Amino acid sequence: MAAEEITQLNKKYGDFPAHALLETFILKYKDNIALASSMSAEDQVLTHMMAGVNTDVKIFTLDTGRLFPETYDLIAKTKARYKVNIQIYFPEAKSVENMVAEHGINLFYHSIENRKLCCHIRKIEPLRRAFEGLSVWICGLRRSQSVTRENVKVIEWDESNSLLKINPLIEWSDEMLWDYIKQNNIPYNPLHDKGFPSIGCQPCTRAVLPGEDIRAGRWWWENPESKECGLHTKEGKTK
Ligand code: SF4
């Protein structure tokens with residue numbers, strides 16, 4: 001899609017409140033739109049809003065095989081609460097076996113290249129499969145989460161996957177997010193109450209100290225500019 005079309009879409013829908021934006025796009029794209037949920041607090045808010053529009057709406061998540069037990073519990077709890085089908089995509093077993101045989105089970109600590117390889121096999125490849133047949137993916141990015149997300153718009157064109165990407169919560173602050181979760185009793189990962197603002201795979205996530213950047217607990221051994229798993233880049237594109 002041309003940059004001018006994306007600019008026009010942002011002019012038309014960019015100021016819509018999150019719920020109205022979701023409803024508009026879900027009704028317009030029906031089976032061709034999905035939430036790519038990492039079970040984050042943001043994605044739980046989006047799931048709550050989407051289930052209120054249509055419980056048949058597509059939601060999927062990626063099981064990398066290295067998630068926290070609390071995340072698996074949250075998947076089950078969310079499905080039970082909202083009666084939505086959260087489709088789970090797994091990495092290709094052979095690719096994981098080959099990677100671990102060559103680089104070791106905890107390869108990600110050894111180099112950025114190894115970490116990106118692991119993210120590619122455990123996240124990017126399953127994500128590509130999950131995207132097949134879609135026109136739009138819904139994403140829980142917020143601008144305040146990371147220096148790599150400062151320029152992200154509400155609506156973007158994901159060149160790598162030829163998909164529209166919408167970020168309904170892009171302007172939401174931490175306070176707005178947690179007020180909404182508490183007011184609506186939305187299930188969330190209990191690790192958030194133990195100093196984990198951002199939760200990914202268990203070996204690549206740690207708690208942060210008061211005052212630390214909210215992304216400091218992800219791939220903490222890398223510098224901030226490297227800290228995307230490949231699902232999102234500075235331009236909001238996948239790679
Ligand atoms: Fe692998 Fe860590 Fe990336 Fe998870 S976050 S896919 S364990 S490198």
Side-chain angles (χ1 to χ4, degrees), residues 34-44 59-76 78 86-132 137 139-142 145-149 152 158 160-161 165 188-192 194-208 212-239:
L35 169 65
S37 174
S38 65
M39 310 309 295
S40 65
E42 291 81 3
D43 291 332
Q44 292 300 97
I59 300 173
F60 68 84
T61 194
L62 309 178
D63 180 356
T64 63
R66 301 297 298 255
L67 302 178
F68 285 90
E70 288 87 344
T71 306
Y72 294 106
D73 288 345
L74 183 60
I75 294 171
T78 305
I86 301 175
Q87 191 169 354
I88 303 175
Y89 286 82
F90 297 90
E92 296 287 355
K94 197 70 204 160
S95 301
V96 175
E97 285 174 9
N98 290 342
M99 175 181 73
V100 168
E102 187 173 349
H103 299 286
I105 194 76
N106 286 338
L107 70 159
F108 28 78
Y109 294 136
H110 303 152
S111 68
I112 290 178
E113 288 70 32
N114 276 6
R115 199 272 291 164
K116 287 189 172 174
L117 175 67
C118 187
C119 282
H120 185 87
I121 288 173
R122 293 183 188 272
K123 294 180 179 177
I124 305 298
E125 188 284 325
L127 183 69
R128 295 244 159 95
R129 270 187 284 125
F131 278 158
E132 281 170 17
W137 67 300
C139 188
L141 289 183
R142 287 188 301 119
Q145 286 168 318
S146 163
V147 291
T148 59
R149 297 177 180 179
V152 178
D158 173 358
S160 305
N161 295 294
K165 179 178 174 185
Y188 65 89
N189 197 318
L191 291 172
H192 288 307
K194 297 177 182 171
F196 290 78
S198 171
I199 302 164
C201 294
Q202 190 165 23
C204 297
T205 307
R206 66 160 171 80
V208 302
E212 263 192 310
D213 184 270
I214 63 170
R215 297 277 296 173
R218 303 291 298 276
W219 308 294
W220 59 92
W221 60 93
E222 297 180 3
N223 68 40
E225 284 71 32
S226 310
K227 284 192 190 184
E228 292 292 356
C229 56
L231 304 190
H232 316 287
T233 67
K234 285 177 187 173
E235 294 78 26
K237 299 171 185 169
T238 59
K239 65 178 180 182

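Every heavy atom of this structure was used, including side-chain atoms; hydrogens, water molecules and symmetry mates were not. Quick caveat, the model's predicted, so the values are computed rather than measured. Every number for a ligand or one of its atoms is a count from 1 in the order of the listing.
The two residues L191 and I199 have their closest heavy-atom pair at CB-CD1, 3.6 Å. A41 and H192 get closest at one heavy-atom pair: N-NE2, 3.8 Å. In terms of heavy atoms, V96 sits closest to P91 at CG2-CB, 3.8 Å. Between T64 and R122, the shortest heavy-atom contact is O-NH1, 2.7 Å.
Counting the atoms of ligand 1 from 1 in the order shown, those under 4.0 Å from a heavy atom of R115 are 8 (S). Of all atoms in ligand 1, listed by their number and element, those nearer than 4.0 Å to a heavy atom of R122 are 1 (Fe), 6 (S). Every atom of ligand 1 is numbered from 1 in the order shown, and the set under 4.0 Å from a heavy atom of C204 is 2 (Fe), 5 (S), 7 (S), 8 (S). Using a 4.0 Å cut-off to heavy atoms of F108, the atoms of ligand 1 that qualify are 1 (Fe), 7 (S), 8 (S).
Atom 2 (Fe) of ligand 1 lies at 2.8 Å or more from every N, O or S atom belonging to C118.
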T61 and M39: side chain to side chain contact (heavy atoms under 4.5 Å, CB included), yes or no, with the steps? CA-CA 7 Å; T61 194; M39 310 309 295; 4.1 Å; yes
